Amino acid sequence: MLTNKETFEGGVLTGRLNLASRVYQHLSYQLMSARLKPGERLKIRELSRSLEVSETPVREALLQLVRDGALEMKEGYYIRVRHLSLAEYLEIRDIRQELEPLAAVRALPHLTKADISGLAEAHRKLVKAEKERAYDDALLHNYDFHLSIYRHSGMPQLIALLEKLWVQVGPMLTFLYPDGHPTYDDRHQHLNIIDALRKKDPEALRHAVVMDLLEGGRKFVEWLERQEAAQGIAQPVSKKAPSKK
């Protein structure tokens, strides 16, 4: 249920927003945090009932997410979560490599020791969830880790751009485990990010964010390549993460 006092799960106050905007934020959170899977159908009537709002704001929110590229509309007003192609995923990853380090570096002066401790705790929970094969929880903790940093950047336009990328790529991460499980040549790049934040080192931070995307997503990209190769789809040239010699 959405009420006038509701707080958006990602930490953004929504009480002053109209119903369509609040439904949009709710669904955006579900997409960004990998609560929804590619191909999953979103039914206006069911969402209206579960959120206890009329169908009109739900319809408006869904159509906005179609325009954002997160959902697709099929014949007969059939709306479902988009499945990105490998080429689309790699394009978004290339853009993220430019924007996410920028957001992290701009967040650097605003993150307190308590904030960084919270990031370390989110990473600890992520690793624990992976070991326990609680993969839904692992994806949620990964979302919390990254977006908690970027939302401290003080750059609302940049955050809005990143969120529009994450609503598209978030559902794809439901395929991450177990076949595309993140692996790293050395230590986990989240630990390097945390170290760089504590040391106030922008260059180390920028590098760690990029390498988290490249190294951490390496096996996932390989999995996507195999899936499309099996379907006879021509493979794009992907930017591989450098291996540690």
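Because the structure is predicted, anything quoted here is derived from the model rather than measured.
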query: Side chains of L224 and M172: does their closest heavy-atom pair fall under 4.5 Å?
result: yes
statement: Note: E88 and S85 closest approach over all heavy atoms is OE1-N, 2.8 Å
message: With heavy-atom distances below 4.5 Å as the criterion, would you say the side chains of R80 and L42 are in contact?
response: no
- prompt: According to the interplanar angle, ranging from 0 to 90°, do the rings of F175 and W223 count as parallel (below 30°), tilted (30 to 60°) or perpendicular (above 60°)?
  reply: tilted
field: Which atom of A61 lies closest to which atom of A20, heavy atoms considered
entry: CB-O, 3.7 Å
- prompt: Between E121 and R124, is a salt bridge (Lys or Arg N to Asp or Glu O under 4.0 Å) present by the stated rule, with each step listed?
  reply: CA-CA 5 Å; E121 177 63 11; R124 186 195 66 78; 2.7 Å; yes
query: Does the side chain of Q25 pick up a donor-acceptor pair with the side chain of R22 at under 3.5 Å?
result: no
field: Heavy-atom side-chain proximity of L191 to H123 below 4.5 angstrom
entry: yes
task: Could you tell me whether the side chain of F145 reaches within less than 4.5 Å of the side chain of I193, counting heavy atoms only?
output: yes
task: Over all heavy atoms of both residues, which pair between R187 and N192 is shortest? Give the atoms and the distance, please.
output: NH1-OD1, 2.7 Å
message: Within this structure, what is the CG-CD1 distance for the pair L147 and I159, rounded to the nearest 0.5 Å?
response: 9.0 Å
message: Just verifying a value: how many Å separate L27 CG and Q64 CD, rounded to the nearest 0.5 Å?
response: 11.5 Å
message: Quick one about Y24 and N18 (side-chain donor to acceptor, distance below 3.5 Å, no hydrogens or angles considered), yes or no?
response: no
query: Heavy atoms, side chains only, cut-off 4.5 Å: are L47 and L62 in contact?
result: yes
- prompt: Can you find a side-chain donor-acceptor pair between H146 and D212 that sits under 3.5 Å?
  reply: yes
message: Show, in sequence, the C-alpha distance, side-chain angles and deciding distance for E100 and Y150, and conclude whether the side-chain hydrogen bond (donor to acceptor under 3.5 Å, both in side chains) test is met.
response: CA-CA 7 Å; E100 292 190 18; Y150 307 149; 2.6 Å; yes
- prompt: Are Y143 and L84 linked, directly or through other ILVMFWY residues, by side chains that come within less than 4.5 angstrom of each other?
  reply: yes
Straight-line distance of L108 CG to I149 CD1, nearest 0.5 Å: 10.0 Å
field: Interatomic distance, S153 atom OG to L111 atom CG [nearest 0.5 angstrom]
entry: 9.5 Å
message: For a quick test of reading the model, state the closest non-hydrogen atom pair linking A104 to V209 and the distance between them.
response: CB-CG2, 4.0 Å
field: Nearest-0.5 Å distance that lies between atom CG in L65 and atom OG in S28
entry: 4.5 Å
message: Main chain of E46, side chain of S50: is a donor-acceptor contact present, judged purely on distance under 3.5 Å?
response: yes
query: Is any side-chain heavy atom of V23 closer than 4.5 Å to a side-chain heavy atom of E60?
result: no
task: Locate the shortest heavy-atom distance separating V210 from P101; write the atom from each residue and the value.
output: CG2-CG, 3.6 Å
message: Salt bridge or not between K128 and E132? Use side-chain N to carboxylate O under 4.0 Å.
response: yes
- prompt: How close do L36 and T174 get, heavy atom to heavy atom, and via which atoms?
  reply: O-CG2, 3.8 Å
- prompt: Is any side-chain N of the basic residue among D68 and R82 closer than 4.0 Å to the acidic one's carboxylate O?
  reply: no
- prompt: Is there side-chain contact between E72 and I79, with heavy atoms separated by less than 4.5 Å?
  reply: no
- request: Report yes or no: do E130 and Y177 form a side-chain donor-acceptor pair below 3.5 Å?
  value: yes
field: Side chain proximity check, H26 to L51, heavy atoms < 4.5 angstrom
entry: yes
- prompt: Measuring from L119:CG to I194:CD1, what's the distance to the nearest 0.5 Å?
  reply: 6.5 Å
- line: Contacts satisfying side chain to side chain donor-acceptor pair (under 3.5 Å) that involve residues 105-114 (not counting sequence neighbours) are T112-D115
- request: Under the salt bridge (Lys or Arg N to Asp or Glu O under 4.0 Å) rule, what do E163 and R151 come out as? Steps first, then yes or no, please.
  value: CA-CA 10 Å; E163 288 180 345; R151 289 187 176 123; 2.8 Å; yes
field: Under-4.0 Å salt bridge between E40 and K37
entry: no
Aromatic ring proximity H141/H190, centre distance under 6.0 Å: no
